[in-house]
Amino acid sequence: MSLSPLFALVDCNNFYVSCERVFNPQLEGKPVVALSNNDGCIVARSNEAKALGIKMGEPFFKARDVIERNGVVVFSSNYTLYGDMSRRVFATLARFTPEVEIYSIDEAFLNLAGFEKDNVTAYGQRIRATVKQWTGIPVSIGIAETKTLAKVAGHVAKYSAKVEGVLDLTIPGYRKKALTMTHVGDVWGIGRRLTRRLVGKGIKTALQLSEVDDGWIRKQMGIVGVRMVHELRGICCFPLKLSAPPKKGITCSRSFGRPVTTLNEMKEAVAAYVSRAALELRKQNSVAGHLTVYMMTNRFKVKEPLHNEEVSVKLPVATDNTGELIHYASGAAEKIFKVGYKYKKAGVILTELSPACQSQTDMFDSLDRNRTEKLMTTLDSVNACMGSRTLQFAAQGTAQPWSMRCEKRSPSYTTNWNELLEVKAS
DNA sequence: TCTGGGGTCCTAGGACCC
DNA sequence: TCTGGGGTCCTAGGACCC
């Protein structure tokens, strides 16, 4: 007999801000925000910052006024720190159920099927308290028969003080109440576009969405919509994914800290992005058969000349070798780079990924692939233990004057001894 | 001065084939 | 007037997620 499904969504509250607070407890109770790469947008806000009206995704410079007036503490993103804290949270969750799906850096679904129904709220409270105690990170937990309902529950749990961070929608009457108080735009899978369309048709709450006719929603939103509505009714359509399948494409792109106007700098940046992408490629034991390079000027500067172009290369032999990939990427960059433009951003995309062990060899291949493979293995292991750019290709440049801004980055407290020693000394 | 980055899935439409 | 029809594969673009 198979158990009826029961999911818990564990969601870290204001995750990046919470990570910073673990190492800066005096920030507790104060407004704090964390910025995206290049210090561009606000991507995490403490409750106090939310209360000031600072919006998610808002450009930093637009919020600068409010921030300065209210003494909001600002952090650049520190993904090394957040990634490590995230691992600690998930390791803690794994103590409570063998089946954990890591959904994002700050969210996980747990399989609670078979756990005693009457006690799941108490169990959730234990999970929440343990994560807080072991990692310092506060979480909200939503429990329900489907992932979509668990997301709804988690959302309500986060904003309703009464439930103390854990809400179980399998308790009679709770599902309807939660769906009534959830705006349709807050349902998992309903983005800005669909929100506008649904609200235009008079569907404003998650409850109303759950009550629409199957045929109608099929026409409006396709099969995706039908699944979503079924999930809201308690019919499970999205099972837990316990192992992530290998990625089908790997991208690395960054905005520049200042405009790039020379081919040399552009090629350095592209080489640096290729190196990062190739490392990811090797981590999942894949090789890439196709490479795309793109570059763009600042789309917000309407008065400056615009150039936005990409070029693709079919690689003669699928590879994970950084040097080889840099070679093709540089050629591609040369093809589209134009003098007289101020480039804002560039990126590299690796696609047509396949398992490294199955890669086809080419009779006329001029590279000694055994040797380059050893070189890559050595490079990766040196960088893994001594820091990510200890060994690098010369093409990436050393000064990297184009690299992104991160003026307010905290030290990587948990992973970088050198930085920690600097903090102690200062 | 200043506007993130990295993914996934689905659909529609064209090419191609028999 | 009327132009076969249906399957499969691929790609571009749209929508979404955090």
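Naming convention: chains lettered A, B, ... in sequence-line order (proteins, then strands); numbering from 1 in each chain.
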Aromatic rings [X] and [Y]: how do their planes relate, parallel, tilted or perpendicular, breaks at 30° and 60°?
{"X": "A:Tyr123", "Y": "A:Phe96", "result": "perpendicular"}
{"X": "A:Tyr341", "Y": "A:Tyr343", "result": "tilted"}
{"X": "A:Phe256", "Y": "A:Tyr273", "result": "parallel"}

Send over the distance from [X] [atom1] to [N] [atom2], rounded to a whole Å.
{"X": "A:Asp39", "N": "B:dT3", "atom1": "CG", "atom2": "C1'", "answer": "12 Å"}
{"X": "A:His155", "N": "C:dC18", "atom1": "NE2", "atom2": "P", "answer": "10 Å"}
{"X": "A:Glu101", "N": "C:dC17", "atom1": "CD", "atom2": "P", "answer": "16 Å"}
{"X": "A:Tyr16", "N": "B:dG4", "atom1": "OH", "atom2": "P", "answer": "14 Å"}
{"X": "A:Lys55", "N": "B:dG4", "atom1": "NZ", "atom2": "C1'", "answer": "19 Å"}
{"X": "A:Leu9", "N": "C:dC17", "atom1": "CG", "atom2": "P", "answer": "14 Å"}
{"X": "A:Ile105", "N": "C:dC18", "atom1": "CD1", "atom2": "P", "answer": "14 Å"}
{"X": "A:Phe238", "N": "C:dC17", "atom1": "CZ", "atom2": "P", "answer": "11 Å"}

Open item on the list: Can you work out whether A:Arg227 or A:Arg405 has the more 5'-proximal nearest nucleotide on DNA chain B?
Closed with: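 It is A:Arg405, whose closest nucleotide lies nearer the 5' terminus.
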Open item on the list: Taking the nucleotide of DNA chain B with the nearest heavy atom to each, does A:Met221 or A:Phe300 sit closer to the 5' end?
Closed with: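 Of the two residues, A:Phe300 wins.
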Do [X] and [Y] have a side chain donor and acceptor closer than 3.5 Å?
{"X": "A:His230", "Y": "A:Asp214", "result": "yes"}
{"X": "A:Asp84", "Y": "A:Thr414", "result": "yes"}
{"X": "A:Asn13", "Y": "A:Ser18", "result": "no"}
{"X": "A:Thr262", "Y": "A:Asn264", "result": "no"}

Open item on the list: Tell me whether A:Lys342 at atom NZ has more than 12 heavy atoms from other residues, nucleotides or ligands lying less than 6.0 Å away.
Closed with: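 No, because the 6.0 Å sphere around NZ of A:Lys342 holds 12 heavy atoms or fewer from other groups.
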Task: Residue pair A:Lys151, A:Glu107: steps toward the salt bridge (Lys or Arg N to Asp or Glu O under 4.0 Å) verdict - done: CA-CA 10 Å; A:Lys151 289 280 270 187; A:Glu107 278 178 60; 2.6 Å; yes
Task: Straight-line distance of A:Glu145 CD to A:Leu6 CG, nearest 0.5 Å - done: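 Here the rounded value is 7.0 Å.
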Task: Test applied, side chain to side chain donor-acceptor pair (under 3.5 Å); reference residue, A:Asn14; option that passes from A:Arg45, A:Lys158, A:Lys50 - done: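 Of all the options given, the one that passes is A:Lys50.
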Within the 4.0 Å heavy-atom criterion, would you say [X] contacts the bases, only the backbone, or no part of the nucleic acid?
{"X": "A:Val348", "result": "nothing"}
{"X": "A:Gly57", "result": "nothing"}
{"X": "A:Asn298", "result": "sugar-phosphate"}
{"X": "A:Leu194", "result": "sugar-phosphate"}
{"X": "A:Ile223", "result": "sugar-phosphate"}
{"X": "A:Glu58", "result": "nothing"}
{"X": "A:Arg197", "result": "nothing"}
{"X": "A:Lys241", "result": "nothing"}

Can you tell me which residue among [options] is in a side-chain contact (heavy atoms from CB on, under 4.5 Å) with [X]?
{"X": "A:Met85", "options": "A:Phe23, A:Phe90, A:Tyr16", "answer": "A:Phe23"}
{"X": "A:Val184", "options": "A:Leu194, A:Leu209, A:Thr205", "answer": "A:Leu209"}
{"X": "A:Val313", "options": "A:Thr292, A:Leu291, A:Leu325", "answer": "A:Leu291"}

Quick one: which of [options] gets closest to the side chain of [X]?
{"X": "A:Lys345", "options": "B:dG4, B:dG5, B:dT1", "result": "B:dG5"}
{"X": "A:Asp106", "options": "C:dC18, B:dT3, B:dG4", "result": "C:dC18"}
{"X": "A:Cys41", "options": "B:dG4, C:dC16, C:dC18", "result": "B:dG4"}
{"X": "A:Arg64", "options": "B:dC2, C:dC18, B:dG4", "result": "B:dC2"}
{"X": "A:Asn37", "options": "B:dG4, B:dT3, C:dC16", "result": "B:dG4"}

Could you list the protein-to-nucleotides 6-11 of chain C atom pairs, N/O on both sides, closer than 3.5 Å?
none

Open item on the list: Just to be sure I follow the notation: if a pair is Watson-Crick (purine N1 to pyrimidine N3 plus N6-O4 or O6-N4) or a G-U wobble (N1-O2 and O6-N3), each under 3.5 Å, what dot-bracket string does DNA chain B give, with | for pairs to another strand?
Closed with: ....||||||||||||||
- [ ] Write down the distance separating the P atoms in C:dC18 and B:dT3, rounded off to the nearest Å.
- [x]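 Looking at atom P only, C:dC18 and B:dT3 are 24 Å apart.
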Below 3.5 Å is the cut-off: list the nitrogen or oxygen pairs between protein and nucleotides 12-15 of chain B, distance only.
none

Task: C:dC16 OP1/OP2 closer than 4.0 Å to side-chain N/O of A:Lys151 - done: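 No, outside the criterion.
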Task: A:Ser255 side chain near B:dT3 phosphate (N/O to OP1/OP2, under 4.0 Å) - done: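 So the side chain of A:Ser255 is outside the cut-off, no N or O lying under 4.0 Å from OP1 or OP2 of B:dT3.
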